[in-house]
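Here the structure is laid out as structure tokens; the discussion comes afterwards.
Within every chain, numbering begins at 1; the chains are lettered A, B, ... in the order of the sequence lines, protein sequences first and strands thereafter.
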Amino acid sequence: MFSISEIAEAVQGKIEGDPNLRIKGVCDIQDSQSGYISYILPGKYENYINNTKATALLTSNSIKVDRKDKTLIRVKNPALSFIDIIHMFYPEKKSCGAIHPSAIIAKNVKLGSKVEIAPHTVIENGVKIGDLVRIGAGSFIGSNSEIGNGSSISPNVSIYHDITIGNNCIIDSGTVIGADGYGLISDKNIHYKIPHIGSVSIGNNVWIGSNCSIDRGTISNTIIGSGTKLDNLIHIAHNVIIGKNCLMAAQVGIAGSTNIEDNVTLAGQVGVVGHLTIGKGSIVASKSAVYQSLEPDSFVSGIPARPHKNRLRQDVIINQLPGILNRLRKLEKEFSTI
Amino acid sequence: MFSISEIAEAVQGKIEGDPNLRIKGVCDIQDSQSGYISYILPGKYENYINNTKATALLTSNSIKVDRKDKTLIRVKNPALSFIDIIHMFYPEKKSCGAIHPSAIIAKNVKLGSKVEIAPHTVIENGVKIGDLVRIGAGSFIGSNSEIGNGSSISPNVSIYHDITIGNNCIIDSGTVIGADGYGLISDKNIHYKIPHIGSVSIGNNVWIGSNCSIDRGTISNTIIGSGTKLDNLIHIAHNVIIGKNCLMAAQVGIAGSTNIEDNVTLAGQVGVVGHLTIGKGSIVASKSAVYQSLEPDSFVSGIPARPHKNRLRQDVIINQLPGILNRLRKLEKEFSTI
Amino acid sequence: MFSISEIAEAVQGKIEGDPNLRIKGVCDIQDSQSGYISYILPGKYENYINNTKATALLTSNSIKVDRKDKTLIRVKNPALSFIDIIHMFYPEKKSCGAIHPSAIIAKNVKLGSKVEIAPHTVIENGVKIGDLVRIGAGSFIGSNSEIGNGSSISPNVSIYHDITIGNNCIIDSGTVIGADGYGLISDKNIHYKIPHIGSVSIGNNVWIGSNCSIDRGTISNTIIGSGTKLDNLIHIAHNVIIGKNCLMAAQVGIAGSTNIEDNVTLAGQVGVVGHLTIGKGSIVASKSAVYQSLEPDSFVSGIPARPHKNRLRQDVIINQLPGILNRLRKLEKEFSTI
């Protein structure tokens, strides 16, 4: 339990109401509980103000709240500050610094300080692990791979050899980093696998969700830039280069050697073919297939992906096609009777 | 080996032929073998009657079978009864009740009776496991999670902390339950991860296929209702609520906070965006993208998803577009010469 | 380091330049380094000739290279020969023949010669493993499964019981082979799981990428033919039969009982519904959904998949729809004023 004044201090907020009120925890604005704090954003959740059972509300300076029974904390960016409040009640799990005796760790592995290694992990020769890193149960770290300070590897992750992962990264369960890319040379219908001697290089503050597949480069590296966040079940092919602070929703697939520049957003189930450049700041709507490089700040959708405005207009007309065909038939009939 | 009369008794069927015939096992109607039993449904497999080598056939009361050399067992629902016959020949694997010494089980774990725990599993603090549960090799069960009676967890499954799984559930290999959902707050192009303090709650008789990713809720829970069956490689985002007895084929993705009501069927590779309600009994055809909530008993298809009948009509016309354009050109030319 | 003459001899190539030049390794044609060898194909990478820093170039007989400072090795198929050169510098990892003491291997397992079994693996009763096989850390091999000579199973792979894998196969991490297929019998909205007593049979020289799900057959087997190569995150349903030397890019899904004949190529994110036959040599473009069987050597695209030429034509017209609608409106207006 924290008091309103403790919470307000942590987020540098302005209190409207009782600063001594004790708050039990955080809650959802809809699925709300008395004694808890929730949050309201400008244009989001405002219509829940009248019904929420939350005792306190974190909100912005601009929102009017006509509920005398609620205590408010006003901040500049309520969504961002709410993260801090969640962390007050639920402190982030830190490394316990214990190495489980069942972990198989090769002799020439370099471990930083306060590394936590869970049971049944396997860490091969030449691996370097930074300070405060956590390796989850059953995970595999291949030879000569490096994991930076503060990164967290969930259970049952497979990291092949010679992979580099930066600081403060999160890799969720089931994700596979560094398997050979799908590179084949075909001769008379027989397909020969190209040995992949490149690697995967992942920056800092990268989050990779569960069950993703990030392939290693053929000769050069597959690269994921700092601050980029990947959802689940995403495929990143060999030699793909992803910039900084990109967002990719679940089940996206990027084919080989494509370059995704900084701040690109790919919505769910998007596919991008190989050897393209997706210009920085571009947005690709869900389920689209991108077959051509995109200029910076593009907003495209559809299969094949086209400027979203055009797509919407085309789609409205596709929906009217039966009527349009009837109009054409009518014209033909009328014309034939002239 | 069972006799026809033993089999007929088990499924309460009516015999036409020799009740003492010995049957060696079950077979496919096409890839069939003498001495075995197969099945025929009304409107399905009937055209294989003349060619099947199966000695006995499970079928319904309505189907005519003009093969004197076959012994028949007639039942109300042959497909359902065939499941029972398969189980006669191949009894379901039950828990052996053994706990492998290599399993790492925290001290304050509650284990029901006859729990089977395979090698190299990890079971953390506060976990509760019901009677007759089986935990496969290399699986991880995070702290305070609960698994109900008779459930079966395959090898290499990752279940994070505080997850609830009901009775008689099946979770296939590679599936990850309870990783943080893809919730981010962005400020000046930097994306901050929202800590997820919600959980995942899974009902009874739920089947989740292999390599699925089921994310935990942000503050409330992600919920999967009893009797729902998921195929492989499915993504269920944070705060999704799935009703009872839903069906989702492989590679479906559901974005955050969407509500899938009871008895909904989503075919393969369907995507549903966030914050929608898919009314009960609705069917979404494969590869569709659903961008709007659906009334109960909808049947939609396409990208964006529309009523299936309309989609089919539109699609027929799309296929005729080159011809339609030619007709328009012809009209324009003729008109210009008036 | 190898000399040009050693390399040329290994690939039976013709040298143009200094045969005694020492080469340090292989490099990319773009991201190139002095002292290294790269390659150029007819019509591919030719425009990099002027800028590459590579000292030596493997190329075909037909390509003109106007760089006196480069040493050339000319061969019939440079891409294929480059694989051999990579293997010279990076010999393929062979089995070390060691069985880690933490592996749990049932008593009646048959192991070939020089089998390498990594830590924390589990190998159940009746498994047969051929010569020179490598089993990665944390992998599970279910009872009575067989793995042929020279095959390599990466870490954290789950192979259920009674699966057959041929010689020289590669299975990447996170892949699940042999979970029950998504077979259900529904009665009054309740879905009953069909027990799957079939298996999965995988030929020789098959490569399955990471995080794939290959389901076992219901009564007959799911089959993957020799020489077929699968990328990542692919779903192969129960009773699917895949021929020889097929290619499937990432995130493809094949529904139940479909027959993919030899030499078929499915591009990324393709879906194929159940009970179809995809004729040999067919190509399905990325993101397509195939709803009808295809004749041999088809080339289709789109949702639903149609002959690619027709699809392209339709798509050009879809892009012109707003203009076409305006032309129709103009005609209607003009006609109404006659």
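- If you measure heavy-atom distances from A/Phe82 to chain B, the contacts under 4.5 Å come from the side chain alone.
- Remark: side-chain polar atoms of A/His87 are not paired, donor with acceptor, to backbone N or O of B/Pro195 under 3.5 angstrom.
- Options A/Asp231, A/Asn263, A/Ile86 differ in how many heavy-atom pairs under 4.5 Å they form with chain B, and the most are formed by A/Asp231.
- At a heavy-atom separation below 4.5 angstrom, chain B is approached by A/Val26, A/Cys27, A/Asp28, A/Asp31 within residues 24-33 of chain A.
- The two residues B/Arg311 and A/Asp315 make their nearest non-hydrogen contact at NH2-OD1, 4.4 Å.
- The interface of residues 281-289 of chain A with chain B, defined by heavy-atom distances below 4.5 Å, comprises A/Ser286, A/Lys287.
- Interface summary for chain B: among A/Ala137, A/Ala250, A/Ala249, A/Pro155, the most heavy-atom pairs under 4.5 angstrom belong to A/Pro155.
- For the atom pair CG (B/Asp215) and CG (A/Asp172), the distance works out to 7.5 Å, reported to the nearest 0.5 Å.
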Evaluate the side-chain contact (heavy atoms from CB on, under 4.5 Å) criterion for residues A/Gln320 and B/Gln314: first the C-alpha distance (whole Å), next the side-chain angles of each, then the deciding distance (0.1 Å), finally the verdict.
-> CA-CA 8 Å; A/Gln320 300 168 348; B/Gln314 286 162 27; over 6 Å; no

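- To the nearest 0.5 Å, atom CD of residue A/Gln269 and atom CD of residue B/Gln269 are 7.5 Å apart.
- In this structure, B/Tyr182 and A/Leu230 have side chains that are not in contact, with every pair of non-hydrogen atoms separated by 4.5 Å or more.
- Both the backbone and the side chain of B/Ile324 come within contact range of chain A, judged by heavy atoms closer than 4.5 Å.
- A/Ser173 has its side chain within reach of B/Tyr160: a pair of non-hydrogen atoms, C-beta onward, lies under 4.5 Å apart.
- Within the 4.5 angstrom heavy-atom criterion, only side-chain atoms of A/Asn77, from C-beta onward, approach chain B.
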Could you pull out all donor-acceptor pairs under 3.5 Å where a side-chain atom in residues 183-191 of chain B meets a protein atom, sequence neighbours excluded?
residue, atom, partner, partner atom, Å
B/Ser186, OG, B/His191, ND1, 2.7
B/His191, NE2, A/Asn245, O, 2.9

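- Residue pairs meeting the ring-ring contact (aromatic ring centres under 6.0 Å, His included) criterion with at least one member in residues 318-338 of chain B, sequence neighbours excluded, do not occur.
- With a 4.5 Å cut-off on non-hydrogen atoms, B/Arg306 touches chain A through its side chain but not through its backbone.
- Proximity to chain A is limited to the backbone of B/Thr121, based on heavy atoms less than 4.5 angstrom apart.
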Evaluation steps, side-chain contact (heavy atoms from CB on, under 4.5 Å), between A/Ile170 and B/Lys193 = CA-CA 10 Å; A/Ile170 299 170; B/Lys193 191 171 170 297; 3.7 Å; yes

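- Both the backbone and the side chain of A/Asn319 have a heavy atom closer than 4.5 Å to some heavy atom of chain B.
- A/Glu332 contributes no side-chain N or O that, together with a main-chain N or O of B/Leu328, makes up a donor-acceptor pair within less than 3.5 Å.
- Listed for the A/Gln251 side chain is a donor-acceptor partner under 3.5 Å among the backbone atoms of B/Gln251.
- With chain B as the partner, the residue from A/Glu92, A/Lys244, A/His100 showing the most heavy-atom pairs under 4.5 Å is A/His100.
- Residue B/Val270 touches chain A through its backbone alone, counting heavy-atom pairs closer than 4.5 Å.
- Chosen from B/Val273, B/Asp180, B/Thr218, B/Asn310, the residue pairing most often with chain A at heavy-atom distances under 4.5 Å is B/Asp180.
- The aromatic rings of A/His120 and B/His120 sit perpendicular to each other, their planes meeting at more than 60°, with 30° as the lower class boundary.
- Here the CD1 atom belonging to A/Ile318 is positioned 11.0 Å from the CD1 atom belonging to B/Ile317, to the nearest 0.5 angstrom.
- Most heavy-atom pairs under 4.5 Å with chain A, from the set B/Thr175, B/Val122, B/Val176: that is B/Val176.
- Using a 4.5 Å cut-off between heavy atoms, B/Val157 touches chain A through its backbone atoms (N, CA, C, O) alone.
- Heavy atoms of A/Leu325 lying under 4.5 Å from chain B belong exclusively to its side chain.
- Shortest non-hydrogen contact noted between B/Cys212 and A/Asn211 is O-ND2, 3.1 Å.
- The residue among A/Gly138, A/Gly174, A/Gly302, A/Ala79 with the most heavy atom pairs within less than 4.5 Å of chain B is A/Ala79.
- Per-residue counts of heavy-atom pairs under 4.5 Å with chain B were compared for A/Leu247, A/Asp262, A/Leu331, A/Ile303; the largest is that of A/Leu247.
- Under a cut-off of 6.0 angstrom, the local environment of CD in B/Gln292 is sparse, with at most 12 non-hydrogen atoms contributed by other residues, nucleotides or ligands.
- Each of B/Ala237, B/Pro304, B/Ala255 has some count of heavy-atom pairs under 4.5 Å with chain A, and the biggest count is that of B/Pro304.
- No donor-acceptor pair closer than 3.5 Å links the side chain of A/Asn156 to the backbone N or O of B/Ser139.
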